[in-house]
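Report on the following structure.
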Protein chains: 2
Amino acid sequence: MSYSIGEVADKLAISPYTLRYYDKEGLLPFVDRNAAGRRRFKDNDFNFLEVIVCLKEAGVPVKQIGEFIDLCMTGDATLQDRYDFLADHEAKLEAKMARLQHTLDFLRWKKWYYKTALQAGTESIHYLPGTNQVDPAVHATFNRLVADGASPKTLGELN
Amino acid sequence: MSYSIGEVADKLAISPYTLRYYDKEGLLPFVDRNAAGRRRFKDNDFNFLEVIVCLKEAGVPVKQIGEFIDLCMTGDATLQDRYDFLADHEAKLEAKMARLQHTLDFLRWKKWYYKTALQAGTESIHYLPGTNQVDPAVHATFNRLVADGASPKTLGELN
DNA sequence: ATATAATCTAGAGTTAACTCTAAGTCAACC
DNA sequence: GGTTGACTTAGAGTTAACTCTAGATTATAT
């Protein structure tokens, strides 16, 4: 089985432009061409494409993905380098997910902030008396609710 | 208490250039100026800055963050819009974290793939006999190990 | 008082990752 | 056999988010 650039683009839900750009950047050295110079992707190529898509999603720059593909093409001498590369980006992704979890926590507290303001009809219930400044105790109140067992996700839910 | 742009930049670990850029894009309409035209950040401004940093981390484009700040400056009439904005980006962030979890799973399976190749001294242990194509059963083997209770994270760990 | 450092604006430059255009080739269908 | 659509390359254009420069002003430290 072999596939045209358009078929691969459809399968991966990315544009043919992007695939050609990746090729230009050295990400697709494994792709064959037919007599007319058109790209013919093999079944096994999807193993590489899967990795490329994964690294992209993980936030690895195209240039670095190219370096990984280079290692792949070089052979068994680079197995350790490839392992280290993946371990490095695994750690980076774990760190990023931890940061995003904090971001999500913050978003949920702010949602609760607006839910309660909405129910009161005014944001000023969260202000220090006689000012336009948010009372730091409000965040502490939310944290106490969570510590007491409430779900941060449902606390901010309207209805 | 008030703070210069440099002090705020240090606290948020972003450059003064970036803060001025945000101001230019309408993200900092709440910041005061002194007689000489220099920015003076108030304590309460950090409530806005916190939100800006959070939305940035969540992947919200600067332009959209500006729209949210606009809502904030308009007053209580926009409370629902602000709630909806946060709820929308909460959902998007949850979806992104689910995708990243899949990405992390994939990275770990590939790490195990290279760990086992490394221990065998050659990647070819994963190929279909007499080819250079990866045997699809290899991924299935990894999945079985995980289904049988092994940790995907430690399975790929070297040592 | 003076040198150094921080700030200001307007606007130019940079970078990554596409995204598209132009001009041409090739394949599939009626 | 002709038309339509997919493909090719080289290279230009786009977009977001900075990042910096230049030239001027202001604040801080000796």
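Reminder, nothing fancy here: chain letters follow the sequence lines and each chain counts from 1.
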Can you build the contact string for nucleotides 17-22 of chain C? Use B for base contact, S for sugar-phosphate-only contact, and - for no protein heavy atom under 4.0 Å. BBBBB-

Given atom CZ of B/Arg40 and atom C1' of C/dT7, what is their separation to the nearest angstrom? 10 Å

Check the distance between C/dT15's C1' and A/Gln64's CD and give it to me in whole angstrom. 14 Å

Rounded to the nearest Å, what distance is computed from the OH atom of residue B/Tyr3 to the C1' atom of nucleotide C/dA6? 19 Å

Separation of atom CD in A/Glu7 from atom C1' in D/dG5, rounded to whole Å: 14 Å

With a 4.0 Å limit, can you tell me whether B/Ser4 has a side-chain N or O closer than that to the phosphate oxygens OP1/OP2 of C/dA6? no

So, B/Lys11 and B/Asp45, do they make that salt bridge, N to O below 4.0 Å? no

Rounded to the nearest angstrom, tell me the gap between atom CD1 in B/Ile5 and atom C1' in D/dA27. 16 Å

Is a salt bridge present between A/Asp88 and A/Lys92, judged by a nitrogen-to-oxygen distance below 4.0 Å? yes

Could you tell me how far apart B/Arg39 (CZ) and D/dT26 (P) are, to the nearest whole angstrom? 15 Å

Crowded around B/Lys63 NZ? As in, over 12 foreign heavy atoms under 6.0 Å? no

With a 4.0 Å cutoff (strictly under), does any side-chain N or O of B/Arg33 reach OP1 or OP2 of D/dT25? no

Run the salt-bridge test on B/Glu90 and A/Lys110 with the 4.0 Å N-O cut-off and return the result as yes or no. no

A correct 5'-to-3' footprint of nucleotides 23-28 of chain C, with B, S and - meaning base, sugar-phosphate only and no protein heavy atom under 4.0 Å, is --BBS-

